[in-house]
Engineer: 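Sharing a structure below in structure tokens format, with a few things to ask.
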Amino acid sequence: MIPYSRQQVSAQDVESVCQALRSEFLTQGPRVTQFQDALATYCGVKHCLAVSNATAALHLACLAVDVGPGDLVLTSPITFVASANCALYCGADIDFVDIDSGTFCLDPQKLEDKLRDYRQRGTKVKAVIAVHFAGQSCDMKALRALANDYQFSLIEDASHALGARYHDITVGSCQYSDITVFSFHPVKMITTGEGGALLTNSDEVNSKVKRLASHGLVREPAQFMPFPEPDWFAEWAYQQQELGFNYRITDIQCALGLSQLTKLDEWVLARNQLAEHYRSLLEHHPIEWQEVRQNCISSFHLMVVLLPRSISRRTVFLRMRDAGFGVNIHYIPVHTQPYYLRLGFALGDFPVAEDYYRRCLSLPLFPDLQPQEVQEICANLIECCDER
Ligand SMILES: *Cc1c(COP(=O)(O)O)cnc(C)c1O
């Protein structure tokens with residue numbers, strides 16, 4: 001079976017991890033710092049915190065912009081559940097904004113309509129989580145303008161978009177946002193096994209998320225709160241001043257991440273070439289694909305196509321799988337998950353997302369997928385679509 005996505009681990013990656021294993025530190029050693037610095041430099045951002053996974057990073061991001069009980073957070077329904085769950089972890093309420101039918105990202109016009117609606121009802125939106133779907137950046141200039149207007153925090157869920165570009169900036173620079181989050185799960189652009197990162201230009205956000213990622217502990221005596229008995233908290237001490245978590249990543253993982261990062265640009269290019277190959281082969285057939293916005297470079301985490309409404313997506317899915325092509329579906333609209341239905345959402349709430357979901361199919365895409373395999377996948381897909 002050709003999977004929809006697959007990590008690439010080289011001999012150099014293995015060597016890098018082995019060096020970490022033989023070193024003095026297995027966690028919180030020099031490789032964590034090196035990986036954070038390398039990511040920050042790559043993205044052109046001031047601070048980077050590497051953590052245990054992107055879900056943890058999204059949770060920290062919400063806490064860092066003070067999302068709490070009673071607050072309202074908005075995101076796209078076409079994403080992995082983690083983009084919405086992070087708001088619920090903080091006790092906040094979540095609502096969704098329907099997607100654009102061409103880019104499959106949150107539609108800025110519909111966001112504006114929703115913001116205006118909420119404002120009229122006297123409800124303030126605390127944060128918006130913009131998901132760069134399949135590696136295509138959201139329209140960040142439009143979202144920034146709305147964030148200024150409506151005074152919400154803007155968080156980029158760039159789990160798909162490491163290596164992508166928006167106009168003249170690299171995704172992760174946080175030029176238009178407060179925080180950007182990446183995932184290093186094996187299906188994503190680069191991997192650390194499990195892993196994630198949180199990037200920001202804000203010193204305040206950075207010190208807050210660093211503390212929260214490690215139990216909320218303070219270790220610098222100068223920052224200790226006074227205590228009745230002198231020397232109770234002295235040089236050896238740590239103080240817990242707030243409730244945090246253990247969201248740390250290890251040196252072993254960062255050794256892999258550092259080595260993987262050296263391949264990123266090459267992989268983005270390979271994915272773009274493969275996507276172009278797919279498009280050229282599917283061009284004259286009734287199959288649609290994601291629009292890549294002008295002045296943007298997608299990282300092409302996913303190659304999503306939309307099948308004609310007249311054919312059964314399930315039949316195509318099963319026939320492709322039977323033929324050995326590991327097609328997949330990204331994503332089941334979050335608002336239709338049973339947990340979210342219990343919160344009051346219903347089928348019909350976000351019609352563009354639901355129509356997208358009924359028709360979408362992710363075709364295999366990873367850097368060492370062969371052009372010959374792309375041809376076989378397309379030939380099979382076209383046959384499935386023609387036969388009905
Ligand atoms: C993968 C993914 C996540 C979660 O990433 P983890 O590192 O597995 O926690 C969050 N959001 C999106 C859009 C993702 O694709």
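Everything numeric here is computed off the predicted structure, so don't read it as measured data. Atoms within a ligand are numbered from 1 in the order they appear, just like the ligands themselves. Along the sequence shown, the residues carry numbers beginning at 1.
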Engineer: Heavy atoms only: which of H59, K188, H160 is nearest to atom 1 (C) of ligand 1?
Structural biologist: K188
Engineer: If you count the atoms of ligand 1 from 1 in the order shown, which ones are under 4.0 Å from a heavy atom of T79?
Structural biologist: 13 (C)
Engineer: For ligand 1, which atoms, with element, lie under 4.0 Å from some heavy atom of G195?
Structural biologist: 7 (O)
Engineer: Is a side-chain N or O of N272 found less than 3.5 angstrom from the main chain of V268, in a donor-acceptor match?
Structural biologist: yes
Engineer: Is atom NZ of K263 surrounded by more than 12 heavy atoms (other residues, nucleotides or ligands) closer than 6.0 Å?
Structural biologist: yes
Engineer: What protein heavy atom sits nearest atom 11 (N) of ligand 1, and how far away is it?
Structural biologist: D157 OD2, 2.8 Å
Engineer: For atom 8 (O) of ligand 1, which candidate among C86, S83, S183 holds the nearest heavy atom?
Structural biologist: S183
Engineer: Within the structure, is a non-hydrogen atom of Y331 found at a distance of less than 4.0 Å from ligand 1?
Structural biologist: yes
Engineer: Taking 4.0 angstrom as the limit, do R116 and D149 come out as a salt bridge?
Structural biologist: no
Engineer: Distance to 0.1 Å, residue and atom name: give those for the protein heavy atom nearest to atom 9 (O) of ligand 1.
Structural biologist: T55 OG1, 2.5 Å
Engineer: Is it true that D355 and R309 make a salt bridge, defined as a side-chain N closer than 4.0 Å to a carboxylate O?
Structural biologist: yes
Engineer: Applying a 4.0 Å heavy-atom criterion (strictly less than), which segment of S159 is in contact with ligand 1: side chain, backbone, both, or neither?
Structural biologist: side chain
Engineer: Can you tell me if Y166 and D139 form a side-chain donor-acceptor pair at under 3.5 Å?
Structural biologist: yes
Engineer: Would you mind telling me if ligand 1 is within reach of the side chain of N53, the backbone, both or neither, using heavy atoms under 4.0 Å?
Structural biologist: both
Engineer: Going by an N to O cut-off under 4.0 Å, is there a salt bridge joining D322 and R319?
Structural biologist: no
Engineer: Taking N or O atoms only and a 3.5 Å limit, does A54 qualify as a polar contact for ligand 1?
Structural biologist: yes
Engineer: Below 4.0 angstrom, N of the basic side chain to O of the carboxylate: do D203 and K46 qualify?
Structural biologist: yes
